[in-house]
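Below is one structure, written out as structure tokens, with a few remarks after it.
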Amino acid sequence: MSDLPALTSEEQAVYEWQMWVPGMGEAGQRKLKATSVLISRVGGLGGLVALELAAAGVGRLILAHGGELQPSDLNRQLLQTHDHIGKPRIESIVRRLRELNPRCDIVGVPENVSEANADALVAQADLVVDAAPMFQERLALNAAAFRARKPMIECAMHTLEASVTTFVPGKTGCLACYVPEVPPTWKRQFPVFGAVSGTAACVGAMEVIKLITGLGTTLQGEMLSMNLATMQFRKVRLPRRDDCAVCG
């Protein structure tokens with residue numbers, strides 16, 4: 001543990017209760033402090049991932065999200081406030097997270113992930129979280145994560161359904177195994193409740209924490225599918241495709 005950052009007395013007080021979790025302890029907390037996480041899109045889903053990771057004491061968050069706040073964002077994007085409508089989303093995101101945890105290094109990137117910037121963004125992090133609504137962004141991040149050999153937690157939702165899985169280069173398949181190209185019928189706007197986004201977000205944040213600290217068992221190689229209309233939860237194995245252009 002000598003190469004991990006020490007905890008200050010303030011950090012020990014703030015994170016005391018989670019360090020009581022069996023298998024966590026000070027060693028696990030120091031691992032969180034030493035880690036950088038990239039989150040692609042920090043809206044209704046990714047914003048809650050960022051909120052939970054900042055609260056848990058992850059040392060550095062790199063947050064990629066472009067555009068200005070719209071009234072229709074406010075039913076789910078809990079890092080935003082009504083008075084920020086018409087202003088860049090990333091400004092409110094960074095401010096709210098720093099207010100929650102000034103010990104966390106928050107890096108705001110006012111643009112969405114693309115093929116042009118994905119490699120540079122992934123290079124700044126130890127692992128990545130995909131919470132983007134567009135498959136162009138998802139596939140660009142997936143390819144960059146696998147090129148860099150870094151784990152990617154994939155979080156998604158639509159209407160009353162949500163899913164989370166963890167891709168680990170060299171051990172699992174990747175997003176492109178199942179979605180090799182952008183679906184032609186996918187639209188940017190779709191039905192969404194904030195509570196559904198938040199459910200996927202909390203599961204995804206816990207996946208990040210488990211990957212970093214070694215707690216529990218991750219969803220590596222499996223997808224957790226959640227139907228919140230019927231409260232049915234199931235796990236499905238995700239085999240790797242040998243002919244995948246990204247990880248095959």
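Fair warning: this is a prediction, and the values are worked out from it, not measured in the lab.
Not a single donor-acceptor pair under 3.5 Å links the side chain of Arg240 to the backbone N or O of Gly248. Side chain of Lys210 to backbone of Thr217: a donor-acceptor contact under 3.5 angstrom is found. The backbone N or O of Val122 sits less than 3.5 Å from a side-chain atom of Lys150, completing a donor-acceptor pair. At least one donor-acceptor pair closer than 3.5 Å links the side chain of Arg98 to the backbone N or O of Ile106. Formation of a donor-acceptor pair under 3.5 Å by the Lys33 side chain with backbone atoms of Ala6 is found in this model. Side chain of Gln18 to backbone of Ala56: a donor-acceptor contact under 3.5 angstrom is found.
Residues Ile39 and Val168 are members of separate hydrophobic clusters, defined by side-chain heavy-atom contacts under 4.5 angstrom among Ile, Leu, Val, Met, Phe, Trp and Tyr. A single hydrophobic cluster is not seen to contain both Met206 and Tyr15; linkage of ILVMFWY side chains at heavy-atom distances under 4.5 Å, directly or through other members, places them apart. Note on Leu79: it does not cluster hydrophobically with Ile85, by side-chain heavy-atom contacts below 4.5 Å among ILVMFWY residues. Taking hydrophobic clusters as Ile, Leu, Val, Met, Phe, Trp and Tyr residues chained together by side-chain heavy-atom distances below 4.5 Å, Phe193 shares a cluster with Val203. The hydrophobic cluster containing Leu51 also contains Leu78, counting ILVMFWY residues as joined when their side-chain heavy atoms lie under 4.5 angstrom apart, directly or transitively.
Other residues, nucleotides and ligands place more than 12 heavy atoms under 6.0 Å from the CG atom of Asp83. Counting non-hydrogen atoms of neighbouring residues, nucleotides and ligands closer than 6.0 angstrom, the CD atom of Glu115 reaches no more than 12 such neighbours. In this structure, Glu181 places its CD atom where only 12 or fewer heavy-atom neighbours from other residues, nucleotides or ligands lie under 6.0 Å away.
For Glu16, the side-chain contact (heavy atoms from CB on, under 4.5 Å) partners at least two apart in sequence or on another chain are Trp20.
Here CG of Leu53 is found 11.0 Å from CG of Asn101. Values are rounded to the nearest 0.5 Å. For the atom pair CG (Leu48) and CZ (Arg76), the distance works out to 11.5 Å, reported to the nearest 0.5 Å. Taken from CG in Leu211 to CD1 in Ile153, the straight-line distance is 5.0 Å, to the nearest 0.5 Å. One finds the CZ atom of Phe167 at 10.5 Å from the CG atom of Leu219 (value rounded to the nearest 0.5 Å). Note that the SG atom of Cys104 and the CG atom of Leu97 stand 7.5 Å from one another [nearest 0.5 Å]. Put simply, NZ on Lys87 and OG on Ser92 are 9.5 Å apart, with the number rounded to the nearest 0.5 Å.
Using a 4.5 Å heavy-atom threshold, the side chains of Ser163 and Met226 count as separate. Within the 4.5 Å cutoff, the side chain of Met231 has heavy atoms near those of the Phe233 side chain. Using a 4.5 Å heavy-atom threshold, the side chains of Val42 and Arg89 count as separate. Contact of the Val37 side chain with the Val49 side chain is not registered, since no non-hydrogen atoms from C-beta on lie closer than 4.5 Å. Here the side chains of Thr172 and Thr166 are not in contact, with every heavy-atom distance at 4.5 Å or above. Looking at Val179 and Arg138, their side chains never come closer than 4.5 Å, going by heavy atoms from C-beta outward. Between Pro239 and Tyr178 the shortest side-chain heavy-atom distance falls below 4.5 Å. The side-chain heavy atoms of Thr159 and Val196, taken from C-beta on, include no pair separated by under 4.5 Å.
Ion pairing of Glu11 with Arg103 is absent here, as no side-chain N (NZ or NE/NH1/NH2) approaches a carboxylate O to less than 4.0 Å.
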Walk me through whether Val128 and Ser40 qualify under side chain to side chain contact (heavy atoms under 4.5 Å, CB included). CA-CA 8 Å; Val128 304; Ser40 171; over 6 Å; no
Verdict with supporting geometry, Ile90 and Leu63, side chain to side chain contact (heavy atoms under 4.5 Å, CB included): CA-CA 8 Å; Ile90 197 67; Leu63 311 173; 4.2 Å; yes
Quick one: do Arg41 and His65 satisfy side chain to side chain contact (heavy atoms under 4.5 Å, CB included)? Show the steps, please. CA-CA 5 Å; Arg41 292 289 193 122; His65 199 126; 4.0 Å; yes
Side chain to side chain contact (heavy atoms under 4.5 Å, CB included), that's the test. Do Val208 and Ile212 meet it? Break it down for me. CA-CA 6 Å; Val208 174; Ile212 295 169; 3.7 Å; yes
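For the pair Glu137 and Ala132, the tightest heavy-atom approach, listed with the atom from each and the gap, is OE1-CB, 3.3 Å. Here the closest heavy-atom approach between residue Asn112 and residue Asn117 is recorded as O-ND2, 3.0 Å. Residues Ala195 and Leu228 share a closest heavy-atom pair of O-CD1, 4.5 Å. The two residues Leu100 and Ala54 make their nearest non-hydrogen contact at CD2-CB, 4.2 Å. Minimum interatomic distance between Gln124 and Ser36 (heavy atoms only, all atoms of both residues): O-CB, 3.7 Å. Residues Asp126 and Thr35 share a closest heavy-atom pair of OD2-CA, 3.4 Å.
The only member of Glu154, Glu222, Met223, Glu207 that meets side chain to side chain contact (heavy atoms under 4.5 Å, CB included) when paired with Val164 is Glu207.
The side-chain hydrogen bond (donor to acceptor under 3.5 Å, both in side chains) contacts involving residues 192-202 comprise nothing, where partners must be two or more places apart or lie in separate chains.
With 3.5 Å as the limit, one finds no donor-acceptor pair spanning the side chains of Gln80 and Asp73.
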